[in-house]
Amino acid sequence: MNDKVRKPSAEPLLWEMGARGRLAFSLPERDVPEHPLDPALAGEGPDFPDLSEPEIVRHYTRLSQWNMAVDTTMYPLGSCTMKYNPKTNDRQAALPGIAGAHPLLPPPLSQGLLRLMFELEQFLAAITGLPAVTLQPAAGAQGELTGMLIFHAYHGDQGRRRTKILIPDTAHGTNPASATLCGFTAVAVPSGPDGILEPEAVARRMDADTAGIMVTNPNTLGLFESHIREVADIVHAKGGLVYADGANMNAVMGQVDMGAMGVDVLHLNLHKTFSTPHGGGGPGAGPVCVSAALAPYLPVPRVVLTADGFTWSDDFPRTIGRLHAFYGNFGILVRAYSYILSLGADLTRISPLAVLNANYIRAGLRNHYHLPYDRPCMHECVFSDKHQQAHKVTALDIAKRLIDFGFHPPTIYFPLVVPGALMIEPTETETKETLDRFIAAMQAIAAEAVEDPERLRQAPLHAHRRRLDEVQAARKPCLTG
Amino acid sequence: MRFLPHTEADIDAMLAAVGCKDLAALFDDIPADCRPAQPLHLPPGLSEWALNRHMENLAAETATGPGYDIFLGAGSYDHYIPETVQQLLRRGELATAYTPYQPEVSQGTLQAIYEYQTLTARLLGMEAANASVYDGASALAEALLMAVRITKRRLVAISRAIHPHYRHVVATYLRPTGLDIIELPYGPDGRTDLNPLDDAREPAAVAVQSPNFFGCIEDLAAAAEAAHGDPATLLVAAFTEPLAFGLYPSPGALGADIVCGEGQSLGIARSFGGPGLGMFACRNAHLRAMPGRLVGKTVDADGRRGFVLTLATREQHIRRERATSNICTNQGLCATAAAMYMASLGGTGIRALARLNYDKAGYLQTALRNAGVALPFSAPVFNEFVMQLPPGSEAVYRRLLERRIVAGLPLAPFYPELADHYLLCVTETTDKAALDRLVAEVSS
């Protein structure tokens, strides 16, 4: 027998295991008689495999071992803020009085939960400088939609339908789709030679048919939009509104006042900045913070404090309506609230350390990779594969080779303004030693690109799978087994 | 602070490498007019045990668990969640990964979602399911927008027996589009009255929910026939309680074109309404108009089975303003929980559990009727139904609240014509003694 490391070739699918009649569920005892059922109405029930509890536990434990995650390694996925997720937050969200709460309990029976939401809104208002908050959007993209619905309703109240919206080429990729849902046509605004917005470029495009602008600040190049105040003034002078995508808030907490910047609407990603686990793609939460003038448009119901305590109110006649069946992803709100309480005043240390970590990587790699905008960055730095292209090595190859060094790849080919982009966001929770190892790995890969480029094109060599055939997957979709 | 690893020596060494004199200098690009007028003031951080005490105090102000009998459903259901599901879901490798953009190091998440898609398609009787959307309400809104895209029509017909909050979300999503919505009333048996469809001009979709908001099982086959009287019109079947499909036929088997709803029942805590799970399925013919992420099966360079995100050309990050939806982050971990739960039940278990829910609700219906309480709707139910109390029932409801019984959801705020009507829910977690107590209290 070969004693080399033997990896299982595949984990069986659920329906490739089990045997009819097994059960991994503790059915309660029957304490009522069978109730008559019209046989004509009954169905056959779904074709599910029958499994035992040990089979379930091993299956999912083994599957979990096929993932990289923040808990296993540095995950410098730019724009996603993959910071450490404190374990205590999961404990709080699982408390029986929280996890077991029915959303339609009468308010006198849910005072603690309403208080939590009320206080979290106040924290987020203080952190952003925007006074009114809704916690209802279930993710950042739904927060963007909420913002665009507010734009739409506000302009409707002004008696003028506006059809366009300005979106810089350094904004987040979701923004155009969110604006389109509200009937706005996206108008691209190119960034200037130093990677940030030029006020003149906005002034040339802003007119009375334009609802406003969607800015990501810091932008997706990891640069602060330092003309933002002037841009906001231009947009406001033409009756428009300013939307800020707060996905990059981890760079500037305590450093900026979004209201002072001229921002009217901002969404936050609690699963990024406020450290709730990303869950392999959600659930997240995308609260929206607005200026006092736009507060009447926030979704309902809203938590209000009365003489009798906290309660729900729908009494906001200018509200855009409702985005969620209940109040949003409450369990995620609990985790963000716990995070803020755990940090307290230390919350203002996050952004300086996140920015320090990103600049440390920038400094460590700027002689090895092309840096299209060679200036100090905020929480993330964007390199490109330009130097490696001479050896026919791409950003994709570099990313895949990083896996062999034990790191999750950065975001690649985004932002689109940088061809072959490698977007690296380390976050504040990585140690200097980890960053040093990461920098050394990236330097080694840059050297390999010259000496042994084929190795990069074959990477990863040490993952559970080699590169997967995405063309076949899309050409002949097989979405169920 | 235990989440922040930097020592003073680390910071000094790193600042030197970066070429900055101090941390404040990292923010020199931020102009003065963007800065806060006052420093951000937050209270001192709490120790782990102080946080525990604070959170336990907040949780203690909530009516849950032993000591309370809560007969609330209405889109959020109390089902037992196996300990395996809860513990496996907490594994950091699953919980702290992100969207599986790099499939070679995300096979765990990808296979788990592929299995979720498969079990969901089987449960709903459809050919394809996506990797989830936010919740049942936004799933319905997305389904209607999808039907509008497919048919290029401007009208949707929605049953008034769909969850009122879902209809509110649909109205919110559709308002800026200028699409028209007509509401189909409910009839005396509690089911949707399909007759007004005869006068509807070319609807893109007809949407009904089954079990509906009153707990009644809709005649989906009749709805499909009515909708398909116009061959282009799509039947959208919504749900809030997917466990019902362990007992009743799946919406797909009855002719639905798009099936969407809330999957919280499948192993996800109620958690004051979220996070839940937006389940979304359709027929292969409509696959490319479907919103949301999809996982597909493929092979790696050595020919071994593996999984990837696929058909991304529908999505916002590739197609931008022409995307089928703006959704990116979805409810991945909740979808994984639902797959674990469905696998734990299996085909044998889901039939037994669904039947037990049905029987408990049936027992309570019979007992209430025998005690003289009116049950106004005659349609068959699953684990929810409406009871009607004599006028002035608010006093009775309040008296029960004082005895720690939440006697269902008052319907008057949602349906003004249903004063003194209450929506009751019974699941496998409610024991017979609690049912008998409720009957004694409301009929006394």
Side-chain angles (χ1 to χ4, degrees), chain A residues 24 31-32 35 43 45-46 48 50 60 63-64 66-71 92 95 97 99-101 103 109 111-112 138-139 141 152 173 176-178 180 182 224 254 257 261 277-284 321-322 325-326 329-331 344 346 352 355 359 431-432 463 465-466 473 478 480, chain B residues 1 5 10 18 23 26 29 34 36 40 45 55 58-59 61-64 88 91-93 95-99 104-105 107-109 118 123 134 137 168 172 176 249 269 271-275 296-298 300-301 306 310 316-317 320-321 323 326 329 332-333 344 346-347 351 359 362-363 432:
Chain A
D31 58 0
V32 297
H35 187 71
F48 286 173
D50 285 355
Y60 283 102
L63 283 185
S64 76
W66 289 32
N67 268 3
M68 273 189 177
V70 172
D71 276 7
Q92 313 307 344
L95 285 171
L109 300 186
Q111 284 295 294
H152 187 269
S178 300
T180 302
C182 292
F224 191 80
D257 179 318
M261 267 165 55
H278 285 67
R322 180 189 267 277
F326 297 108
N329 282 340
F330 182 78
D346 277 338
V355 173
N359 277 288
T431 63
K432 177 174 175 293
R465 283 291 175 271
R466 293 183 61 205
C478 174
T480 56
Chain B
M1 207 307 131
D10 290 337
V18 166
L23 288 173
L26 293 167
D29 278 350
C34 296
L40 177 59
M55 297 299 291
L58 287 181
E61 292 179 48
T62 312
T64 54
L88 290 166
R91 287 191 69 92
E93 302 94 322
T96 74
Y98 201 16
T99 304
E104 300 85 354
V105 287
Q107 284 299 304
T109 292
T118 301
L123 180 68
Y134 306 130
H168 196 180
T172 304
S271 204
F272 210 41
K297 188 170 80 167
T298 187
D300 79 350
T310 193
Q316 40 72 34
H317 62 289
R320 295 173 73 89
E321 54 268 33
N326 73 333
T329 285
L333 199 63
S344 297
R351 286 171 183 77
D359 291 337
Y363 175 83
K432 178 172 171 294

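Per chain, numbering begins at 1; letters A, B, ... match sequence-line order.
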Legend entry - Heavy-atom closest pair, residues A:Phe326 and B:Phe272: CB-O, 4.5 Å

Legend entry - Selection from A:Gly344, A:Gly321, A:Gly284, A:Gly279 maximising heavy-atom pairs under 4.5 Å formed with chain B: A:Gly279

Legend entry - Whether B:Thr96 side chain and A:Val70 backbone form a donor-acceptor pair below 3.5 Å: yes

Legend entry - Where A:Pro283 and B:Leu333 come nearest, the two heavy atoms and their spacing: CD-CB, 3.9 Å

Legend entry - Leading residue by heavy atom contact count with chain A [cutoff under 4.5 Å; candidates B:Gly296, B:Ser271, B:Gly92]: B:Ser271

Inset, instruction - Output yes when a side-chain donor or acceptor of A:Asp257 lies under 3.5 Å from a complementary backbone atom of B:Cys34, and no otherwise. - result: no

Legend entry - Any donor-acceptor N/O pair, B:Thr172 side chain to A:Arg322 backbone, under 3.5 Å: yes

Inset, instruction - Please determine, by modelled atom types, if A:Ser64 and B:Arg91 share a side-chain donor-acceptor pair under 3.5 angstrom. - result: yes

Legend entry - Check: A:Gly280 main-chain N/O paired with B:Thr109 side-chain donor or acceptor under 3.5 Å: no

Inset, instruction - Please examine the side chains of A:Phe48 and B:Leu123, heavy atoms only from C-beta on, and report whether any two atoms are closer than 4.5 Å. - result: yes

Inset, instruction - Name the option with the most non-hydrogen atom pairs under 4.5 Å to chain A; the candidates are B:Gly346, B:Ala301, B:Pro275, B:Gly362. - result: B:Pro275

Inset, instruction - Select, from B:Gly306, B:Ala137, B:Pro249, the one with the greatest count of heavy-atom pairs under 4.5 Å involving chain A. - result: B:Pro249

Inset, instruction - Applying salt bridge (charged side-chain N to carboxylate O under 4.0 Å, His left out), name anything that partners A:Asp346, two or more places apart in sequence or on another chain. - result: none

Legend entry - Closest non-hydrogen atom pair between A:His35 and B:Tyr363, with its separation: ND1-N, 4.3 Å

Inset, instruction - Please report the closest heavy-atom contact between B:Ala269 and A:Ala99, naming both atoms and the distance. - result: CB-O, 3.4 Å

Inset, instruction - Without swapping roles, check the side chain of B:Asn326 against the backbone of A:Ala141 for a donor-acceptor pair under 3.5 Å. - result: yes

Legend entry - Closest non-hydrogen atom pair, A:Pro277 against B:Ala95: CB-O, 3.3 Å

Legend entry - Which atoms of A:Thr180 approach chain B - backbone, side chain, both or neither, heavy atom under 4.5 Å: side chain

Inset, instruction - Could you check which of B:Leu40, B:Asp300, B:Leu58 has the highest count of heavy-atom pairs closer than 4.5 Å to chain A? - result: B:Asp300

Legend entry - Distance-minimising heavy-atom pair for A:Ala139 and B:Tyr134: CB-CE2, 3.5 Å

Inset, instruction - Name the region of B:Ala323, side chain, backbone, both or neither, that has any atom closer than 4.5 Å to a heavy atom of chain A. - result: side chain

Inset, instruction - To the nearest 0.5 Å, tell me how far A:Met68 CE sits from B:Glu104 CD. - result: 10.0 Å

Inset, instruction - Quick one: list whatever passes salt bridge (charged side-chain N to carboxylate O under 4.0 Å, His left out) with B:Asp10, sequence neighbours left out. - result: none

Inset, instruction - Using a 4.5 Å cut-off on heavy atoms from C-beta on, say whether the side chain of A:Leu95 contacts that of B:Met55. - result: yes

Inset, instruction - For the pair A:Asn329 (side chain) and B:Gly274 (backbone), establish whether a donor and an acceptor sit closer than 3.5 Å, ignoring hydrogens and angles. - result: no

Legend entry - Side chain B:Asp29, main chain A:Phe224, donor-acceptor under 3.5 Å: no

Legend entry - Side chain to side chain, A:Leu109 and B:Thr62, heavy atoms closer than 4.5 Å: no

Inset, instruction - Start with the C-alpha gap between B:Val105 and A:Asn67, add the side-chain angles, then the distance that decides, and say whether side chain to side chain contact (heavy atoms under 4.5 Å, CB included) holds. - result: CA-CA 5 Å; B:Val105 287; A:Asn67 268 3; over 6 Å; no

